[in-house]
Amino acid sequence: MRDIYHEELDGISDKLVEMTRLVRSAMTRAVNALLDADLRLAEEVIGGDDRINKIDAEIEETVFDLMARQQPVAGDLRTLVTALRMSGDLERMGDLAVHLAKTARRRHPESAIPPELQVIVLEMGQIAERMVAKAGSVIASKDVELGMELDADDDAMDRLHRRLFDIMLSPKWQHGVEPAVDISLAGRYFERFADHAVHVAENVVYIVTGQRPQELNELN
């Protein structure tokens with residue numbers, strides 16, 4: 001029975017990793033849809049979100065079932081509770097990719113991103129993809145050191161977010177209010193995506209060590 005129990009625990013981890021793959025794919029397509037005004041890609045992201053939501057619901061069902069049947073304690077309980085948090089973060093990351101895709105769809109056939117901001121948005125997308133890929137690796141490997149690296153990626157995302165606003169608030173901005181609103185929201189979606197990726201990694205660190213990254217940094 002314990003072997004089956006631990007297989008089910010491993011299955012939760014596998015599903016979390018699969019969520020990171022789906023979320024990364026959604027972000028890649030959403031960014032391309034934004035930059036290239038690609039309506040097909042935008043619709044794919046929006047339609048594909050159901051798969052991410054389904055895995056989130058499956059993880060929640062499995063966690064509650066294991067809690068009821070196995071009454072886990074100590075490390076196993078920490079793993080199950082934290083898995084719920086990670087699943088929720090990844091589900092919201094999928095939603096943020098959908099928000100970006102909907103922005104692309106709303107602005108179609110024009111690109112939602114003016115030429116002078118395309119390089120910044122592309123870089124934000126690349127950081128987002130890198131962060132969710134790292135989060136998947138952290139879940140699969142339980143690599144605490146890799147989990148601690150995501151803070152630096154998050155700082156890079158924050159810097160790019162500020163650059164977006166510097167350009168839009170400049171007297172040279174010539175694209176009006178509506179594009180500025182769309183870009184402001186898109187910047188916020190990228191920033192929140194990165195925050196959730198950090199949360200996922202922090203939760204893995206907590207599963208492995210029983211401590212939050214901030215506590216480990218204080219010890220060092």
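- In the hydrophobic clustering, where aliphatic and aromatic side chains (Ile, Leu, Val, Met, Phe, Trp, Tyr) are joined below 4.5 Å either directly or transitively, Val98 groups with Val45, Ile46.
- For the pair Ser25 (side chain) and Arg21 (backbone), a donor-acceptor distance under 3.5 Å is absent.
- Within the 3.5 Å criterion, the main-chain N or O of Pro72 finds no donor-acceptor partner in the side chain of Asp76.
- Within the 3.5 Å criterion, the main-chain N or O of Ala180 finds a donor-acceptor partner in the side chain of Ser184.
- Remark: the Asp56 side chain and the Ser87 side chain contain an N/O donor-acceptor pair separated by less than 3.5 Å.
- Judged as a side chain to side chain contact (heavy atoms under 4.5 Å, CB included), and not counting sequence neighbours, the contacts of Leu146 are Lys134, Ser137, Val138, Asp143, Glu149.
- Residue Asp95 is tested with Ile52, Asp49, Val23 for a side chain to side chain contact (heavy atoms under 4.5 Å, CB included); the sole match is Asp49.
- Partners of Glu191 according to the side chain to side chain contact (heavy atoms under 4.5 Å, CB included) rule, which considers only residues two or more places apart in sequence or in another chain, are Asp158, His161, Arg188, Asp195.
- The backbone N or O of Ala140 sits nowhere less than 3.5 Å from a side-chain atom of Ser13 that would complete a donor-acceptor pair.
- Comment: Asp89 does not engage Arg85 in a salt bridge, judged by the lack of any side-chain N to carboxylate O separation of less than 4.0 angstrom.
- Lys172 and Glu116 are not joined by a salt bridge, as no carboxylate oxygen comes within less than 4.0 angstrom of a charged side-chain nitrogen.
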(Q) Working note: Ile55 + Glu91, criterion side-chain contact (heavy atoms from CB on, under 4.5 Å); need CA distance, chi angles, decisive distance, verdict. (A) CA-CA 9 Å; Ile55 298 176; Glu91 188 273 333; over 6 Å; no
Q: Could you give me the CA-CA distance, side-chain angles and deciding distance for Arg69 and Glu8, then say whether side-chain contact (heavy atoms from CB on, under 4.5 Å) is met?
A: CA-CA 12 Å; Arg69 288 191 291 108; Glu8 289 177 301; 3.1 Å; yes
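- Salt bridge Arg106/Glu178: absent, no basic N to carboxylate O contact under 4.0 Å.
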